[in-house]
Amino acid sequence: MKEKRFWLRTVILAIMLAAIGYTIYSNVFVEKKAIQVGDSAPDFVLTDLNGNKIQLSDYRGKGVFLNFWGTWCKPCEKEMPYINSQYNVYKNEGVEVIAVNVGEAKVTVQTFVDRFQLTFPVVIDQQDQVMNAYDINPLPTTFLIDKDGKIVDIITGTMTEEDVKKYMERIKP
Amino acid sequence: MEQVKCECGHVNPIGTVLCEACGKPLEEVPALLDMRYEGSARRSQTYNKTIIDKIWNFFSSVKVGVWLIVITLVASAIGTIYPQQMYIPPTVSPSEYYEQQYGLLGKWYYALGFHDLYSSWWYMLLIALIGVSLVICSLDRVVPLYRALNNQRVTRNEQFLQRQRLFSRAKVEHDETAFRNVVDKLTKRGYRVREENGNILAEKGRFSRWGPYVNHIGLIIFLIGAMLRFVPGMYVDESMWIREGEIKEIPGTNGKYFLENKKFIFEVYEKEKEKEAFQAAIDRLGSGMMAKNYQTDVVLYERVGPVVAGEEPKLKKIKSFPIRVNEPLKHDHYALYQVDFKLDELKSMSFHFTDKETNKSFGTITVDLIQPEKEYDLGNGYKVQLLSYFPDFYFDENGNPNTRSKVPNNPAFVFKMFAPDRPKGEVSFTAIRQTIEPLGNNKYKMAFANIETRNVSALTVRRDFTLWILGVGGAIFMIGLIQGMYWNHRRIWIQRMDDEVLVAAHTNKNWFGLKKELEGIFNDTPFVMPIDQADKRS
């Protein structure tokens, strides 16, 4: 009788605690994003400025530094040269950069790329499909993807050159 | 140890105030009995041993429950003092906004999470604790109440009867006909009459006592429904802007559905077009001032084949539909609602390639403002290159032309114009009502010719699998409320003790109604109508 009461109360309390814990955890401590660290990165195909198809799954075995940006976004503009210079170091160590522009006009993107002499592939997400798949907001957002296609980290906000270097080091295969 | 035996022989749980069977007070009680929960043992008070019991007992207190509600109320009230996060300008950071606007109080307001109250962890915790309190309070009361009502005997302890609020005691000769008459009257009024040795317990509306608990079950289901919104896939709430003529992926559908905006229609009430009867109303507001219709004619497509983001989709048409306010497009549990619009967004601009002196035109180019061409060839050696394009142009802090966004609100171009007599080309910066020739005087200019515009529609994408749970919870809540509100649990005891007859009556609410009913029953009978002992006192 006493035993039964104890277990009954324990079970009821435990169920309620679990429900509350889950709700608060998933609401407050997890970003409400469709995509999380540890997920495998959704595959995508986009065309770069030279007309080449860039498909993420072709990059298996390499670390991918996936950067979402727009020409109007000042922090993006600031970190682009850093990414460019670190890319020139790390591309020989198996780290690739894909910069996904958020659907601007090709002319606008081309002007930007020429101005900063970017050497990595820049693709344009014309229909917002990749933006939706990666649930992008705000800009810039960078996904660090390891050689197995897993998302290692998601960075929002400006990076210093030191940061960029550190991040590329993390996804070096 | 854990049980108390009454002199009537019934064994009660420890902590019982009134014997479940005969109603004899087992503890010191006031002259008039407190009949709430039938004097049963609230189980929480009975045991207080382990930590689990202690937690349980804490939440079992109605006082605690009421305090939780009061705290939540106060917090909600404080949350209305300054605007919630969703109402502050979207361009400013909330961490700075509240302090700048409201000083130190604003800073704390933000730090404590009042700026986004419904999502702050402690507010959610409060709601959750109210839920816990609801469950435990109910369990701890409904079980003993059920036991007590189920175990009650017809023949009651004298103490129990004389301490009821409605009570009378009188010498009455035994009269079988009169007795039967009363039983008949009770039965006619819907009472279930139990007899035992010439004593009567008449009872009706007992199910009304379960009303509050049914109501609480509804609330709990409602809370569960609200909680399920946070489970991935149960609730989608996205929005999309779509221009006329555009085909776009519908966000929140994982790349499965696409939408085409055929046309956005905005209509107003105009004097000439409406019936006579509406003229006065239109006059009051002014013709064309009142919106009549917001409508987006769309085509819904499903993607065929595997989903790879970014790939040109193969689409299968599902249906055409006019989305209007409150008339969403529904498919596969998704609903698309009309929510906003923008009229006349720039679509393309045309320019004449013109000699500045003679004003002679050498051809016209049309620049698409979403995806402009790099080069426009006009033939005969005349051509235009687009060097830069700024869809939403402004001069940034360094004095350079830049764009605020990718939306063509204020387009500006850097053209390079080639002519047979200008083979190296002339550069011209062209914006709306503004031309700058950065490399000296040009012979030619791009003269503004025309614009094309189109409308943009905003839609909300929603899928909600929790709605029916909220509906069920709400319905049960209402049933419980009605059950407890519109029925009363009434009991009448008639008990013979030697040459006296004791009459007592109890109801859980509406004493006036019970008294009226008693008058009807005991009129013209030898029994004495019970007197309200609460009246006598005051």
Side-chain angles (χ1 to χ4, degrees), chain A residues 1-2 5-10 12-17 19-30 32 34 42-47 53-57 70-74 77 100-108 110-112 115 123 125-135, chain B residues 2 43 47 49-50 52-53 55-56 59 119-121 124-125 128-129 131-132 135-136 139 223-224 226-227 230-232 238 240 246-255 258 307-313 368-374 386-392 396 402-406 414:
Chain A
M1 177 67 188
K2 230 160 96 185
R5 184 193 79 231
F6 175 79
W7 285 115
L8 197 67
R9 288 183 172 186
T10 309
I12 293 171
L13 283 174
I15 290 170
M16 290 193 292
L17 189 73
I20 295 165
Y22 173 79
T23 308
I24 291 179
Y25 174 78
S26 60
N27 236 291
V28 180
F29 300 103
V30 181
K32 268 168 260 169
D43 194 16
F44 64 84
V45 185
L46 287 173
T47 310
K53 287 219 161 194
I54 305 282
Q55 181 150 15
L56 182 67
S57 49
T71 61
W72 70 82
C73 139
K74 287 286 168 192
E77 189 178 318
V100 181
N101 175 274
V102 293
E104 289 180 87
K106 206 174 159 188
V107 175
T108 310
Q110 186 71 59
T111 312
F112 185 93
R115 194 167 115 215
V123 293
D125 185 22
Q126 217 55 262
Q127 290 184 305
D128 294 355
Q129 285 192 43
V130 181
M131 291 254 294
N132 286 342
Y134 280 82
D135 208 355
Chain B
E2 290 193 353
R43 299 202 292 174
Y47 320 101
K49 308 249 165 62
T50 60
I52 292 291
D53 289 332
I55 295 169
W56 188 274
F59 284 109
S119 304
S120 78
W121 66 268
M124 273 191 253
L125 189 67
L129 291 182
V132 172
V135 169
I136 295 181
L139 275 177
L223 280 177
I224 290 172
M227 199 182 76
F230 308 122
V231 176
E238 303 267 353
M240 69 187 294
E246 249 183 347
I247 297 184
K248 261 182 138 176
E249 182 184 300
I250 302 175
T253 64
N254 301 319
F258 283 72
V307 177
V308 179
E311 195 157 51
E312 196 56 46
D368 185 292
L369 296 177
I370 300 302
Q371 198 55 269
E373 302 287 327
K374 269 201 95 143
L386 179 58
L387 297 183
S388 291
Y389 169 48
F390 307 97
D392 196 357
D396 67 15
N402 211 323
T403 185
R404 280 202 176 87
S405 70
K406 60 177 178 178
V414 179

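Below, read A as the first sequence line, B as the second, and so on, with proteins coming before strands; counting in each chain starts at 1.
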Note to self: I'd like to check K74(A) versus N402(B) (side-chain heavy atoms, cut-off strictly below 4.5 Å). Are they in contact?
What the structure shows: yes
Next item on the list: Under the side chain to side chain contact (heavy atoms under 4.5 Å, CB included) rule, what do Q55(A) and V308(B) come out as? Steps first, then yes or no, please.
Entry: CA-CA 9 Å; Q55(A) 181 150 15; V308(B) 179; 4.0 Å; yes
Item checked: Closest non-hydrogen atom pair, G103(A) against K406(B) -> O-CD, 3.6 Å
Check: Roughly how far, to the nearest 0.5 Å, is the CD1 atom of I55(B) from the OG1 atom of T10(A)?
Finding: 9.0 Å
Checklist line | Side-chain heavy atoms of L139(B) within contact of I12(A), under 4.5 Å | finding: yes
Notebook entry, point to check: To the nearest 0.5 Å, how far apart are CD1 in I24(A) and OG in S119(B)?
Noted result: 11.5 Å
Check: Non-hydrogen atoms of chain A under 4.5 Å away: do they reach the side chain of I370(B), the backbone, both or neither?
Finding: backbone
Note to self: With a 4.5 angstrom heavy-atom cut-off, is it the side chain or the backbone of N254(B) that approaches chain A, or both, or neither?
What the structure shows: neither
Note to self: If you count heavy-atom pairs within less than 4.5 Å of chain B, which of A19(A), S57(A), P42(A) leads?
What the structure shows: A19(A)
Next item on the list: Name the option with the most non-hydrogen atom pairs under 4.5 Å to chain A; the candidates are W121(B), F59(B), F390(B).
Entry: W121(B)
Margin query: Closer than 3.5 angstrom, by distance alone: can the side chain of S405(B) be matched with the main-chain N or O of W72(A) as a donor-acceptor pair?
Written below: no
Note to self: Is V414(B) close to chain A through its backbone or its side chain, or both, or neither, when contacts mean heavy atoms under 4.5 Å?
What the structure shows: neither
Next item on the list: Would you name the heavy atoms of E311(B) and Q129(A) that are closest together and state the gap between them?
Entry: O-NE2, 3.4 Å
Next item on the list: State, yes or no, whether a side-chain contact exists between N132(A) and E238(B) at a heavy-atom distance under 4.5 Å.
Entry: no
Next item on the list: Kindly give the heavy-atom pair with the smallest separation between R9(A) and W56(B), and that separation in Å.
Entry: CZ-CD1, 3.4 Å
Margin query: Is the shortest side-chain heavy-atom distance between M16(A) and I136(B) below 4.5 Å?
Written below: yes
Next item on the list: Count the heavy-atom pairs under 4.5 Å between each of V307(B), I247(B), V231(B) and chain A, then report the option with the highest count.
Entry: V231(B)
Check: Closest heavy-atom contact between A105(A) and Y389(B)?
Finding: CB-CD2, 3.8 Å
Next item on the list: Would you give the length of the straight line joining atom CE of M227(B) to atom OG1 of T23(A), rounded to the nearest 0.5 angstrom?
Entry: 4.5 Å
Next item on the list: Select, from I20(A), L46(A), V102(A), V107(A), the one with the greatest count of heavy-atom pairs under 4.5 Å involving chain B.
Entry: V107(A)
Margin query: When you compare the side chain of F6(A) with that of T50(B), does any pair of heavy atoms fall below 4.5 Å?
Written below: yes
Margin query: Please give me the minimum heavy-atom distance between E104(A) and Q371(B), naming the atom from each residue.
Written below: O-NE2, 4.2 Å
Next item on the list: Can you tell which part of Y22(A) gets under 4.5 Å to a heavy atom of chain B, answering side chain, backbone, both or neither?
Entry: side chain
